[in-house]
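Read through the structure below, which is laid out as structure tokens, and then see the notes.
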Amino acid sequence: MKRVLIVDDAIFMRMKLKDILEKNGYDVVGEAQNGVEAIEKYKTEKPDLVTMDITMPEMDGVAALKGIKEINSAAKVIMCSAMGQQSMVMEAIQAGAVDFIVKPFDSDRVVESLNKASK
Amino acid sequence: MDDTSKYRDLFFEETDEYLQTLNDCLLQLERNPQEKSILDEIFRAAHTLKGMAATMGYKTMTELTHSMENVLELFRSGVSSINTDIISLIFSCLDKLSEIVEDLRIEKEVEYNIQDLLKKLDNVVNGNSNSVVVEKEITFSVSNDEISDTDSRVIRSANEKSYNAFNLAIRLSKTCLLKGARSYLVVNKLEQQGDILQSDPSAEKLEEGDFDDVFKLIYLTKLQEEDVKEIIEDIAEIEAVIIEKVEQDEIAITEALVEEVVQGKEEVSSPSELSQNKANKKEGSKKEEKGNVHQINQSIRVDLTRLDSFMNLVSELVIYRTRLEDLSNQYKTTEINEPLEHVARITSELQDLVLKIRMQPVNVVFNRFPRMIRDLSQELDKEIELIIEGEETELDRTVVSELGEPLVHLMRNAADHGIESAGERLAFGKSKVGKIKLSAYQEGNKVVINVSDDGKGINPEVIRESANRKGINTRGLGERDLVQLIFNQGFSTVKNVTNVSGRGVGMDVVKQKISSLGGSIEVNSEVDKGTTFVIKLPLTLSIIQALMVTVGQETFALPLGIIEKVVKVQQEEIIKSHSNEVYMYREKAIPVIRVNEKLCVESTRDNMHIILILLGEQHYGLLVDDLIGQQEIVIKKLSGVLSDMREYLGATILGNGDITLILDVGNLCNEGAGGKLE
């Protein structure tokens with residue numbers, strides 16, 4: 001079972017995502033509400049996949065992605081973005097994000113992304 | 001979309017928080033329009049709201065937040081600057097949002113007219129759209145015309161070096177939302193294993209997502225066809241891909257052409273270099289952001305009813321602990337004493353803890369005022385500054401949630417009647433800007449909240465006149481007493497009713513509310529200097545200090561807070577006056593209420609104790625037989641049939657297991673006063 005770390009500042013979003021993932025056979029091993037926490041949790045949990053929100057307080061998702069990539073350059077991070085954040089998404093892809101999903105989350109789409117990323 | 005109903009509560013809770021954050025930050029922003037971190041936080045909150053609303057499927061809310069975000073983005077990118085009109089516009093959007101959220105909360109289906117707001121927001125965006133486009137063009141102006149000129153030669157040269165060239169046609173799925181980013185991801189993945197020679201549409205259009213579902217690439221790589229296919233198919237949101245190998249030409253190549261490969265490569269990669277630069281810049285600004293952002297505490301959310309039942313259980317634990325202690329003393333079981341002491345300590349710690357858990361900072365109520373005062377000062381055309389102090393002071397949750405209404409009333413009064421217009425203020429030699437101060441602090445087991453303004457104050461003579469007109473007797477009242485009359489029912493000195501405050505119902509309602517919370521309110525005012533309302537509230541409502549008394553065979557508890565004095569009296573000190581009995585206290589006759597008669601309890605004692613109670617401004621004397629002492633009791637509400645008995649506040653269980661009723665002194669005395677009128 002693939003182990004996933006969910007990063008989002010809104011509890012609501014984390015719950016929603018967790019629900020989708022757990023229904024589809026992923027093991028959510030941790031949640032973080034900002035980039036700083038995300039990096040900490042990445043170190044301790046060493047998840048197979050990370051879903052990373054872009055707009056967050058403390059440290060945003062793109063910076064956290066870079067931090068995680070420094071720890072493990074093969075880390076698989078999927079960005080969670082909203083419409084209108086195209087440039088941030090591109091920056092994230094540039095920094096090595098494996099994929100991105102767009103809010104509002106469509107469960108099929110989320111699962112597709114994680115399945116493909118975890119290949 | 002999945003079933004979202006179970007997230008409803010969470011959604012509303014978080015939405016409330018974000019709306020509050022938006023309100024707060026907008027106010028801050030209005031004061032410091034240059035502060036980027038505030039703008040960022042506003043943007044983030046609006047953005048998160050949009051995402052949440054969209055996930056819940058609330059279309060109107062999504063639409064509105066989306067438009068707001070567009071406007072905010074303009075300011076964030078520095079394209080436009082902020083002015084009061086824009087802030088007001090965003091405030092009205094927030095109001096609309098709150099309205100929508102309230103209706104959603106009660107699941108009311110309403111068609112909203114948000115077209116006005118959307119139009120205004122759009123106007124702001126469009127007014128600036130030209131400059132935005134220009135900016136984008138500068139960022140992505142590198143074209144790949146030169147590559148297409150030379151691409152056939154490049155391919156030939158590459159083939160020589162065992163590269164394969166492919167014609168790719170990629171179709172994105174119809175539901176793909178960020179086409180630009182998606183195609184960028186494809187290009188990025190491919191470039192890890194080779195080079196893109198040419199793209200159709202051009203790279204810039206690709207990045208902007210300015211194409212239909214299909215885009216075409218010429219791709220140069222050492223990989224085989226199947227590998228390329230696999231790379232692309234492993235990317236999400238790709239509906240189909242067509243791969244065609246470009247046939248090899250037998251024309252020989254020259255060194256110069258190979259160089260062109262390199263050159264072409266550089267040209268392709270330059271847009272990404274540009275965005276790299278941009279990224280670096282962004283990172284710099286993000287570091288500054290950190291300091292000002294709200295600290296998020298580690299916390300969990302608990303259903304209030306669970307907390308209430310936790311509280312109840314702890315109270316019961318306290319009761320049985322006391323009972324155990326009694327038994328232990330009775331049977332002199334010394335071995336039990338030590339563990340019992342531990343139990344005692346732990347239960348009282350538990351009790352403290354659960355009380356603390358129920359505490360909420362008054363901030364929860366206070367945070368609505370900056371916005372309110374801002375709106376009021378615009379509406380009333382006065383300049384008002386609001387100072388808030390001690391917003392971290394904590395009170396029991398029940399008290400906090402009941403506090404909003406009376407405070408709103410006091411604040412409105414201060415702004416409307418207290419603070420003068422700027423012109424008047426200057427004429428009086430005061431500073432142009434009126435000050436309203438809202439402060440809270442803890443004092444013993446009470447919390448004091450002050451609402452003060454430096455406005456015109458309350459004129460006792462005006463009060464006297466008004467009182468006389470209404471038939472209230474003002475003889476013998478000092479200036480201070482006169483001012484307290486504003487708490488009387490149906491008393492208002494304002495001649496014109498404004499829509500801000502003053503309908504003649506008000507201060508008495510405020511007073512009632514505060515009293516029902518077990519608190520008190522008084523007013524100090526000086527003409528032309530200002531008015532201060534002092535509200536005192538108990539920290540908690542469920543555990544109180546009580547005086548235990550006996551009447552006949554019964555034991556009763558009286559809340560200690562309202563007791564002013566206890567005096568031992570002889571029968572002859574109680575004087576008959578008309579049909580009632582009075583007791584002379586500080587040379588004033590105060591009505592006496594015989595608790596035994598009121599409650600129909602038999603009592604034969606002659607010498608008794610009189611408990612002097614202060615309710616608002618009026619003293620009452622309660623006659624009881626004997627005093628037992630002071631004790632901390634846990635109030636249990638009476639339920640069912642018993643809840644109709646207005647004489648009792650509730651009941652409590654004593655250490656010996658006995659149940660004792662707690663007297664509702666207010667109701668007892670008021671009924672006593674009612675009796676006097678008959």
Side-chain angles (χ1 to χ4, degrees), chain A residues 8-17 19-20 23 33-37 53-60 62-63 66 78-117 119, chain B residues 1-2 4 6-7 10-11 13-15 18 40-41 43-44 47-57 62 66 69-70 73 139 173 175-182 184-185 187-189 207-209 233-237 272 275-276 278-279 282-283 286-287 289-290 293-296 301:
Chain A
D8 198 310
D9 59 335
I11 306 175
F12 170 77
M13 281 298 178
R14 294 205 298 273
M15 265 187 70
K16 176 92 189 163
L17 207 48
D19 202 49
I20 296 175
K23 269 188 199 149
Q33 54 186 359
N34 62 49
V36 181
E37 263 187 46
D53 186 30
I54 291 182
T55 26
M56 286 184 298
E58 295 282 322
M59 183 196 273
D60 73 14
V62 179
K66 287 174 184 165
I78 296 172
M79 306 308 286
C80 302
S81 125
M83 293 295 289
Q85 285 188 312
Q86 184 128 309
S87 58
M88 298 287 270
V89 174
M90 288 184 179
E91 196 188 326
I93 293 169
Q94 188 76 33
V98 44
D99 195 6
F100 62 91
I101 43 185
V102 182
K103 295 176 193 174
F105 294 140
D106 171 63
S107 4
D108 294 344
R109 178 64 200 91
V110 172
V111 174
E112 181 200 3
S113 177
L114 268 92
N115 287 347
K116 289 199 164 169
K119 256 192 185 175
Chain B
M1 190 124 298
D2 312 36
T4 45
K6 59 179 157 176
Y7 309 110
L10 197 56
F11 169 80
E13 233 174 285
E14 280 203 285
T15 303
Y18 283 112
D40 283 341
E41 189 164 348
F43 184 78
R44 207 161 41 225
H47 180 79
T48 311
L49 269 183
K50 182 181 78 174
M52 283 163 55
T55 311
M56 292 294 287
T62 317
H66 181 69
E69 204 187 312
N70 286 346
E73 177 62 33
T139 321
S173 65
T175 54
C176 178
L177 289 170
L178 293 178
K179 283 192 285 187
R182 183 57 58 194
Y184 186 76
L185 185 69
V187 169
N188 197 277
K189 289 248 158 102
E207 286 197 13
E208 274 170 322
E233 282 181 344
D234 273 358
I235 299 170
E237 287 187 322
S272 35
S275 58
Q276 192 72 47
K278 241 178 26 186
K282 268 189 197 146
E283 230 169 19
K286 232 148 257 158
K287 267 169 202 142
E289 221 174 87
K290 272 190 185 171
V293 179
H294 275 252
Q295 288 288 329
I296 296 165
R301 285 153 208 271

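FYI, side chains are in, hydrogens and waters are out, and symmetry mates aren't considered; it's all heavy atoms of this structure. Please read all numbers here as calculations on a predicted model, not as lab measurements. So that the names make sense, note that chain A is the first sequence line, chain B the second, and so on, each numbered from 1.
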- Query: Measuring heavy-atom distances to chain A, does B:Glu73 have an atom under 4.5 Å in its side chain, in its backbone, in both, or in neither?
  - Reply: neither

- Query: Using non-hydrogen atoms only, which part of B:Asp234 is less than 4.5 Å away from chain A: side chain, backbone, both, or neither?
  - Reply: both

- Who among B:Gly180, B:Ala53, B:Gly51 has the most heavy-atom pairs with chain A under 4.5 Å? B:Gly180

- chain A shares the most heavy-atom pairs under 4.5 Å, among B:Leu178, B:Thr62, B:Thr15, B:Leu10, with B:Leu178

- Item | A:Ala117 portion near chain B, given a 4.5 angstrom heavy-atom threshold | neither

Contact between [X] and [Y] at the side-chain level, heavy atoms closer than 4.5 Å - yes or no?
| X | Y | value |
| --- | --- | --- |
| A:Glu91 | A:Lys66 | yes |
| A:Met79 | A:Ile93 | no |
| B:Met56 | B:Met52 | no |

- Can you tell me if B:Glu14 uses its side chain to pair, donor with acceptor, with the backbone of A:Phe12 under 3.5 Å? yes

- Flag, side chain of B:Lys189 to backbone of A:Val98, donor-acceptor distance under 3.5 Å: yes

Options [options], ranked by heavy-atom pairs under 4.5 Å with chain B, top entry:
| options | value |
| --- | --- |
| A:Val102, A:Val89, A:Asn115 | A:Val102 |
| A:Gln86, A:Lys103, A:Gln85, A:Glu112 | A:Gln86 |
| A:Asp99, A:Asp108, A:Ile54, A:Asp8 | A:Asp99 |

- Query: Can a salt bridge be assigned to the pair B:Arg44 and A:Asp53 using a cut-off of 4.0 Å between side-chain N and carboxylate O?
  - Reply: no

